[in-house]
Amino acid sequence: METRSPCRRGTSARLGDCSCPGRQALLALAHLRCGDTYAQLAAGFGIGIATVYRYIREAVEALSSLAPSLAEAMRTIREKAFVILDGTLLPIDRIATDTPYYSGKHKRHGMNVQVLTDPFGRLLWASPALPGSTHDLTAARQHGIIEALTEAGLKCWADKAYQGAGGPVRVPFRGRRLKRWKRHHNTTHAKIRCLGEQAMATLKGWRLLRKLRCSTNRITDVMKAVLVLHHASA
């Protein structure tokens, strides 16, 4: 005869009625992967919104503590033939007066996150989140990405936003009337760099990141938690 967990007795089992880590993990995963709101989770799991908030916060903090720093990630990254650097904007729910979070490039409010991928477009590392008005090159320098890649002697492909980065960062030539060899370089560069878009698609697969409604102070931890779960499932 099959033995059933107390947390699985009937469809009316409530998360608040049993401290089942599996159910708590499921709740946090539903929030991160599917973007379910606190109200939706409270109704679905049969608990209060305050309890949902507490469980998600605890799970995100626990997961984010496992995320590697850039220095730790470089131990793996330095073994790659090269990496692709790109920035993305995580949309947030903010009003027009929140100028620091408004990205002129994307014409919306959000948080700037820098991403490193391997030659096959697999996500290696994601940076802490900065206000959306931060330029990609400024963000990369602030996080120490350029310096870390230089010290590792690792080649890096990036887009025009990183013009002037120097070191190992390779960017396309700018201008309309380019010589043939420069146009060829840009074409080859684009083919390599476009693989990094796969990592962006991977991130946006976590639906919560498509429109963040939490405090901007918590977005870095959310990003780290997603990175840890992504690597755990890879």
Side-chain angles (χ1 to χ4, degrees), residues 60 62-90 103 105-106 110-174 181-182 184-206 209 219-234:
V60 167
L63 288 168
S64 65
S65 67
L66 302 176
S69 64
L70 177 59
E72 294 170 336
M74 284 303 298
R75 298 172 188 171
T76 300
I77 294 174
R78 67 176 62 247
E79 298 175 358
K80 306 298 180 181
F82 64 87
V83 294
I84 301 169
L85 170 63
D86 202 358
T88 187
L89 187 79
L90 303 181
S103 169
K105 176 182 177 181
H106 298 277
M111 299 294 283
N112 179 298
V113 172
Q114 299 295 299
V115 174
L116 287 172
T117 68
D118 70 8
F120 301 99
R122 291 182 294 232
L123 179 63
L124 296 174
W125 180 80
S127 74
L130 293 175
S133 61
T134 308
H135 190 275
D136 281 336
L137 179 55
T138 301
R141 285 173 171 165
Q142 185 169 333
H143 295 308
I145 299 173
I146 310 299
E147 182 180 358
L149 294 174
T150 301
E151 291 179 355
L154 192 61
K155 295 178 181 178
C156 172
W157 267 254
D159 62 23
K160 295 178 181 179
Y162 299 88
Q163 289 277 355
V169 181
R170 298 187 176 185
V171 296
F173 290 104
R174 302 184 69 174
W181 72 270
K182 289 185 177 181
H184 177 71
H185 172 274
N186 283 0
T187 300
T188 303
H189 185 280
K191 289 180 180 179
I192 295 174
R193 192 181 59 79
C194 71
L195 295 173
E197 296 298 325
Q198 296 180 25
M200 300 307 176
T202 296
L203 286 179
K204 298 305 170 65
W206 296 81
L209 299 182
I219 293 177
T220 289
D221 281 347
V222 170
M223 186 68 248
K224 288 182 177 180
V226 167
L227 183 65
V228 170
L229 289 173
H230 167 71
H231 285 161
S233 62

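Values below: every heavy atom of this structure, side chains too, minus hydrogens, waters and symmetry copies.
When all heavy atoms are compared, the tightest approach of Asn112 to Ala139 is OD1-CB, 3.6 Å. When all heavy atoms of Pro68 and Trp125 are compared, the closest pair comes out as O-NE1, 3.5 Å. Nearest heavy atoms, Leu89 versus Gly132: CD1-CA, 3.7 Å. Among all heavy-atom pairs drawn from Val222 and Val60, the shortest one is N-CG1, 3.9 Å. Closest non-hydrogen pair, Leu85 versus Cys156, comes out as CB-SG, 3.5 Å.
Atom CD in Gln114 sits 4.5 Å away from atom CG in Asp136 (nearest 0.5 Å). With rounding to the nearest 0.5 angstrom, the CG atom of Leu130 is 7.5 Å from the OG1 atom of Thr220. Taking NZ of Lys155 as the start and CD1 of Ile192 as the end, the distance is 9.5 Å to the nearest 0.5 Å. Atoms CE and CD, on Met74 and Glu151 in that order, are 8.5 Å from each other to the nearest 0.5 Å.
Judged purely by atom type and a 3.5 angstrom limit, Asp86 has no side-chain atom pairing as donor or acceptor with the backbone of Gly196.
A tilted orientation is assigned to the rings of Trp157 and Phe82, their planes being inclined by 30° to 60°.
Between Ile145 and Val169, every side-chain heavy-atom pair lies at or beyond the 4.5 Å cut-off.
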